[in-house]
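Right, one structure below, let's go through it.
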Amino acid sequence: MEAHLDMGMPSFAKDLPIKIGTKEEFADLTDFLARHNFDEDTICRVLNIGHLFEVGMARPVDLTECSKELQLLLRLFLYQALVPRAQVEGALGPRIFQIFVSLGLLGTGEFGQDQVYAQVLLYPVAGFIMASDRQSNPDASTFEPPADVVFPAIYEGTFRFLRVLPTSPAEDGLDLCSGSGIGAFVLGRRVNSVVSADITTRAFHFAAFNRALNDCAGVEVVCGDLYEPVTGRTFDRIVAHPPYVPSTRISKVWRDGGATGELLVRRIVEGLPSHLRPGGLFCMISIGLDTAHSSFEQRARGWLGNKESEFDIIFAWKSEKTPRDTLRDLAERDSLSLSELQVLREEFDRVRIVNMPYGALFIRRHPIGWDKTATTDRRKLSEETNGDDFESAFVLHDRFELSSYRENLSDVKLLLAPDLEVKVTHVVHEGQLLPADYLFETVKPFSAMARLDQWMVPLVTSFDGQLTGRSIFEEAKANGHLPDGFELESFTELLVKMIDRGFLRLPPSLD
């Protein structure tokens with residue numbers, strides 16, 4: 001039976017379809033794609049979607065409004081359709097058609113002699129053109145992907161990962177579990193030299209192909225188990241988007257993360273003391289586990305071993321599930337057997353998992369000579385949060401650690417955050433509709449909300465960039481608007497909290 005199934009597997013799934021071509025071939029190919037608007041903005045506009053990861057949910061649209069070349073590219077590489085050879089050659093022209101075939105992007109013959117099909121997914125993301133494995137057969141027959149299938153970089157989780165990557169300049173970077181290599185390419189825009197590392201040779205070849213396709217000369221592609229290919233090397237930036245789905249066995253390399261989902265998550269963090277340089281940053285999107293003993297971010301600190309005091313940690317969660325919800329989702333989505341579910345349930349109970357948050361773990365290593373106490377924090381990730389926000393949060397923490405900075409904060413002309421929302425709830429009191437509840441909310445730098453007492457609201461909302469905190473405080477005190485015992489020092493602490501949560505902003509000169 002196994003031999004029969006293997007023989008029936010399409011060649012593009014069984015064998016590596018892509019081939020490294022010449023610089024001239026890649027240049028001609030990317031020039032053709034650019035001339036015919038094979039880019040994110042155009043495709044999203046044509047398909048009437050907000051993001052490219054929504055392409056699978058896009059309603060049928062009339063493609064006749066775009067060029068015949070773009071129509072063909074969408075049919076082949078995003079809709080993964082079979083297209084008559086004459087149409088393909090007519091739209092691409094003989095030379096470009098031959099380049100697509102010689103690079104392994106297009107195939108012929110396997111699904112009909114006169115039919116052309118895409119042997120890979122080809123798509124624009126983050127300003128790059130990326131190739132990865134197909135997820136279906138061109139003729140809609142049953143598709144069995146190989147265990148080491150290279151996952152597409154146009155899923156929502158990948159976009160979230162790319163958004164939270166560090167953007168500050170650095171010398172050397174490392175992208176672990178890199179798959180197609182997209183993380184390394186995006187990181188390489190601000191980092192001089194980046195290593196793209198993955199355990200499978202299939203991912204290695206796709207990353208190498210994509211490096212050549214996008215002319216990313218500053219990216220080195222290696223193959224091996226996590227840090228093994230870079231033994232003895234250190235980096236200013238380390239990023240990872242590892243597999244984290246709880247599993248009883250590794251049947252899909254890109255997805256399965258061991259019985260609790262933290263198999264690779266933990267090993268990656270444990271390797272930071274040996275591979276992340278002083279002053280360096282680490283970023284990872286994954287699942288995390290809160291147990292009866294400790295939160296995920298505190299557990300991550302423990303994985304750093306005797307060097308843990310050298311690291312600051314922020315975990316920003318996007319969503320969370322209970323262990324029971326996770327098991328139910330696995331049963332429905334992946335059709336796990338009762339015995340497999342029982343194995344996972346027993347492991348969840350053994351670890352004493354109480355919550356399974358998903359989000360971004362950001363870790364900073366202290367510079368040499370650092371004398372400040374290490375911090376561990378949890379935030380709420382929003383769709384507006386990016387890598388700059390994590391770095392800024394560390395900088396703010398450093399400033400607030402200085403007593404002199406806090407003391408001078410009342411003399412700063414702060415501003416209301418541009419995306420701040422204040423929701424006021426009114427109630428009827430003695431026949432009148434009166435404000436009773438003030439909820440402050442923001443999504444930048446992180447999602448945050450807080451309820452303020454009524455007397456605090458005018459203090460906070462008076463900041464317009466023209467008044468100092470001291471002047472606002474003194475006027476409120478002179479008018480008797482402050483409770484007894486609320487002095488300037490207490491007001492300064494309130495300002496610290498309002499800035500930390502994103503309700504107030506420092507002026508650009510101090511940001």
Side-chain angles (χ1 to χ4, degrees), residues 12-13 16-18 20 52-53 55-56 77 104-105 118-136 145-165 173-189 191 194-214 216 219-230 235 237-245 247 250-258 261 263-265 267-268 282-287 358 360-361:
F12 64 78
L16 190 71
I18 50 175
I20 300 292
L52 205 57
F53 60 75
V55 66
F77 292 112
L105 300 174
Q119 297 201 116
V120 299
L121 280 170
L122 190 72
Y123 46 88
V125 59
F128 298 97
I129 300 295
M130 301 297 294
S132 55
D133 275 314
R134 285 189 61 126
Q135 305 294 300
S136 64
D148 59 352
V149 63
V150 176
F151 202 62
I154 49 173
Y155 277 71
E156 187 173 5
T158 303
F159 278 67
R160 185 170 294 116
F161 170 60
L162 298 179
R163 190 172 65 244
V164 300
L165 290 179
L174 171 64
D175 177 24
L176 294 170
C177 309
S178 61
S180 65
I182 184 61
F185 301 156
V186 172
L187 194 64
R189 286 181 169 140
V191 178
V194 182
V195 177
S196 172
D198 199 286
I199 194 171
T200 73
T201 55
R202 195 176 185 95
F204 169 84
H205 287 296
F206 265 99
F209 180 91
N210 289 327
R211 175 185 60 185
L213 177 62
N214 292 280
C216 293
V219 174
E220 173 189 357
V221 180
V222 300
C223 184
D225 184 15
L226 294 183
Y227 297 102
E228 182 270 330
V230 292
F235 303 88
R237 303 287 182 266
I238 299 177
V239 302
H241 191 192
Y244 51 77
V245 175
S247 58
I250 308 300
S251 60
K252 295 181 179 178
V253 177
W254 63 267
R255 181 196 68 180
D256 298 332
L263 177 64
L264 294 184
V265 170
R267 290 179 57 204
I268 289 170
F282 165 76
C283 171
M284 174 171 64
I285 288 281
S286 76
I287 195 175
Y358 158 85
L361 182 68

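Numbers for residues simply follow the sequence, beginning at 1. Values reported hereafter were calculated over all heavy atoms of this structure, with side chains retained and with hydrogens, waters and symmetry mates removed. Here the structure is a predicted model, which means the values were calculated and not measured.
Between the side chain of N210 and the main chain of S180, a donor-acceptor pair closer than 3.5 Å is present. Remark: the backbone N or O of I268 is paired with a side-chain donor or acceptor of Y227 at under 3.5 angstrom. Here the side chain of S247 pairs no donor or acceptor atom with the backbone of I250 at under 3.5 angstrom. Checking side-chain atoms of D175 against main-chain N and O of S196 turns up no donor-acceptor pair under 3.5 Å. In this structure, R134 contributes its side chain and A118 its backbone to a donor-acceptor pair below 3.5 Å. Judged by distance alone, the side chain of R211 and the main-chain N or O of V219 form a donor-acceptor pair under 3.5 Å. Checking side-chain atoms of N214 against main-chain N and O of C216 turns up no donor-acceptor pair under 3.5 Å.
For the residue pair G127 and R189, the shortest heavy atom distance occurs at CA-NH2, 3.7 Å. L121 approaches Q135 most closely through the heavy-atom pair CD1-CG, 4.3 Å. Pairing each heavy atom of A207 with each of V221, the nearest pair is CB-CG1, 3.9 Å. Taking every heavy atom of both residues into account, I129 and L213 meet most closely at O-CD2, 3.3 Å. Nearest approach of P152 to T158, heavy atoms of both residues: O-OG1, 4.1 Å. In terms of heavy atoms, V120 sits closest to S132 at CB-O, 3.3 Å.
Across V239, V191, L162, V194, a single residue satisfies side chain to side chain contact (heavy atoms under 4.5 Å, CB included) together with V186, and that is L162. Put simply, the residue from L264, V265, I287 that forms a side chain to side chain contact (heavy atoms under 4.5 Å, CB included) with P243 is L264.
Interatomic distance, M130 CE to I182 CD1, rounded to the nearest 0.5 Å: 4.5 Å. Separation of atoms CZ (F206) and OG (S178) is listed at 12.5 Å; rounding is to 0.5 Å. Considering NE2 of H205 and CG of L16, their distance stands at 6.0 Å, rounded to 0.5 Å. To the nearest 0.5 Å, atom CG of residue D148 and atom CG of residue D133 are 7.5 Å apart. The CD atom of Q119 sits 8.5 Å away from atom CG of L105, with the distance rounded to the nearest 0.5 Å. Rounded to the nearest 0.5 angstrom, C283 SG and I238 CD1 are separated by 11.5 Å.
Looking at heavy atoms from C-beta onward, V149 lies out of side-chain contact with K252 at the 4.5 angstrom threshold. C177 places a side-chain heavy atom less than 4.5 Å from the side chain of L226. Within the 4.5 Å cutoff, the side chain of Y358 has heavy atoms near those of the R160 side chain. Side chains of V55 and Y123 form no contact here, defined as non-hydrogen atoms less than 4.5 Å apart. A heavy-atom distance below 4.5 Å is not found between the side chains of V253 and R202.
Ring planes of F159 and F53: perpendicular class, angle over 60° (limits at 30 and 60°).
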